[in-house]
2 protein chains.
Amino acid sequence: MTKWLNRLIKPNTQMSEKEKINTEEKILQAAEEIFVKDGHSGARMQQIADKAGINKSLLHYYYRSKDKLFSTVFKFIFSKLASDIMNIFDSEEDIFGKLEKFIENYLRILMKNPIIPMFILNELNKKGNNLATIIIKGSNINLNKFEEIIQKEIDAGNIKNINPKSLIINILALCVFPIIGRPLTEEIVFNGDTKKYDEYLGQRKDEVFAIIKSTITIEK
Amino acid sequence: MTKWLNRLIKPNTQMSEKEKINTEEKILQAAEEIFVKDGHSGARMQQIADKAGINKSLLHYYYRSKDKLFSTVFKFIFSKLASDIMNIFDSEEDIFGKLEKFIENYLRILMKNPIIPMFILNELNKKGNNLATIIIKGSNINLNKFEEIIQKEIDAGNIKNINPKSLIINILALCVFPIIGRPLTEEIVFNGDTKKYDEYLGQRKDEVFAIIKSTITIEK
DNA sequence: GTCTATAAATTGATAGAC
DNA sequence: GTCTATCAATTTATAGAC
C-alpha cells in the first residue's frame, strides 16, 4: 500500500494536527509563490521544496503529484481573488457609488497582486484545461447578482439602457489590462519610465470610473 | 569545430539556397505553432521536430539551442503583429474615422490570431526577461506618431483635452481583454455559451468605438 | 544538410529506513 | 511525518556516419 493512500485512510496518526497543518501550509505558500511566478510547466518541484524548507518527497507525501499540488494552489488563489471581488459589492451607495467603489477596490487588489491575473489567465488559456471550468463553476463568483442590479437601474431610468454584460467586461478590461500589459505598455507608451507608470496607475481608478460613468449616464 | 559554427562561417555549401530556406522556414513555422500554444517552458523540441517533419538534431543545427529558436520565433511573431498594427494608421479619414478603422482592424487581427496576445504578454511578464525590452525596442512600434496626431487634434479643438497615453491604453485594453480573458469571461459572464460569445465579439468593434468616441467628444 | 545514436543533465515520483 | 537514496522517464544537446 502506498504512503499517500495510507495517509488518506489513517491520517495524522503520528503527528499533531497543528504541526501537520504547519507543514502543509508551508508547502502551499511555497508552491503558490513558485507556480505564480513560473507557471505550471515552468515550476519545479525541487524549487518548491527548497522554498518550503523541506524535502522533495514530502511534496508527494502531501499532494501525491505535481498536478494535484497545482490544482490545489490554483483553486486556492482563484477562490481568494474571487472572494475579494465579490465582497466589493457590499456597499450601500447608489449605482454610481457602487461602481466607483468596485473599480477602486478591484484596482487596489490587482495592484497589490500584479502577477496573479496573468497567472490565472495564462493557465485558463491552456488548451484542454477542464480544471479551469471546474474551478470557476465551483467558485463563489456569481455575476447574476450584478447583472440584476444593473437591469433594475435601467428599468428605473437611472442609467442608460446598456448591456450589463458589456459593462462588466469593460470594467474588467480597463482595470486588468494596465496590470498584465504593463511590460508592453510601460515600454511602448511610457518609454520604460517605471516611476511614471506607477504614477499613472495611481490615478487610473479615476480614469476608469470616468469612462464607465460616461457609458451609463443618460444625456440631458 | 562544431557544425553550427561551421555553418555560420561557410553557409550553404552543399545545398541550394532555396532548399535551405524551405527547411529553415518549416522549422520556424512549426516552432511558432508549438511555442505559441505551449509557451517557452511548455514546448518540447521533439514536438517541434515532429511538426516540421524533420529530425530533432536539425533544430540545433539551424538554431543551436532552444532559447535561440524561441528568441527567433518571438521576435518574428512580435514584429509581424507590430507591423500589422502600425499599418492600420494609413487611413486618410478624420480622427474619428482613423480611430474607428484602427479599432476595427485591430480587433479583426486579434480575432484571427486569438492566442497570440496571450503568448506575447505571458512571455513579456516573465521575470528577468531582457529579451522583451530588446525586441520591443528593436521593433518598428512607434506610438509617438499616434500621440502627435492626437495632440494636434486637441490643439485644433476637434477633440477633448485628454491624455493621449490613456487613449492608447484604453483602446488596447478594450480590444485585447475580451480575447485573452475569453476563458474567464465566456464562463462567468456568458455562462459558457461559446456561440453567444462569438456573436458578442462580432459586434465588439462598435461597442469599443462608441466608448472611445465618447471619451474624446466635446460636449456641446 | 540530414540522419542515428547517445551523452548528460534534469525531473517527477517511489521505496524504505527511522 | 520526514529523510536519503534511487528509479524511470524525459529532455536538451552533441558526436559522428553518410
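All values below were derived from every heavy atom in this structure, side-chain atoms included, with hydrogens, water molecules and symmetry-related copies excluded. We name chains A, B, ... by the order of the sequence lines, and we start the count at 1 in each one.
Between B:Lys80 and B:Glu32, at least one side-chain nitrogen of the basic residue sits less than 4.0 Å from a carboxylate oxygen of the acidic one, meeting the salt-bridge criterion. Classification of A:Glu199 and A:Arg204 as a salt-bridged pair fails, no side-chain N sitting under 4.0 Å from a carboxylate O.
Residue B:Tyr63 has no polar side-chain atom (N or O) positioned under 4.0 Å from OP1 or OP2 of D:dA13. Close to D:dT2, at under 4.0 Å from its OP1 or OP2, lies a side-chain N or O of A:Thr23. Phosphate contact (OP1/OP2 of C:dC3, side-chain N/O of B:Tyr61, threshold under 4.0 Å): absent. In this model, the phosphate group of C:dA13 is approached by a side-chain N or O of A:His60 to a distance below 4.0 Å at OP1 or OP2.
Checking C:dG12, D:dT2, D:dC3 against the side-chain heavy atoms of A:Lys56 singles out C:dG12 as nearest. When the nucleotides C:dT14, D:dG1, C:dC3 are ranked by their closest atom to the side chain of A:Leu58, D:dG1 comes out on top.
Of the residues in residues 39-52 of chain B, none has a non-hydrogen atom less than 4.0 angstrom from any atom of DNA chain C.
Here C:dC18 presents its C1' atom at 14 Å from CG of A:Asn55, a figure rounded to the nearest Å. For B:Leu59 and C:dG1, the CG to C1' distance is 13 Å, given to the nearest whole Å. For B:Lys66 and C:dT10, the NZ to P distance is 15 Å, given to the nearest whole Å. A straight line from CD of A:Glu25 to C1' of D:dG1 spans 17 Å, rounded to a whole angstrom. If you measure from atom CD1 of B:Ile34 to atom P of D:dT12, you get 12 Å, rounded to the nearest angstrom. As rounded to whole Å, 15 Å separates atom P of C:dG12 from atom CD1 of A:Ile27. The NZ-P distance, from A:Lys68 to C:dA13, rounds to 12 Å in whole Å. Rounded to a whole Å, the CG atom of B:Leu69 is 15 Å from the C1' atom of D:dT11.
Contact annotation: side chain of A:Ser57 to base of C:dT14, donor-acceptor pair present below 3.5 Å.
Relative orientation of the A:Phe119 and A:Phe74 rings is tilted, given thresholds of 30° and 60° on the angle between their planes.
Under a cutoff of 6.0 Å and an axis angle of 45°, B:Lys165 and A:Phe190 form a cation-pi pair.
Side-chain contact check for B:Asn191 and B:Glu187: no donor-acceptor pair (N or O, by modelled atom type) lies under 3.5 Å.
Listed by first and then second residue, the ring pair (Phe, Tyr, Trp, His ring centres under 6.0 Å) pairs involving residues 163-186 of chain A amount to none (not counting sequence neighbours).
Every residue was checked against the salt bridge (charged side-chain N to carboxylate O under 4.0 Å, His left out) condition with A:Glu100, not counting sequence neighbours, and none meets it.
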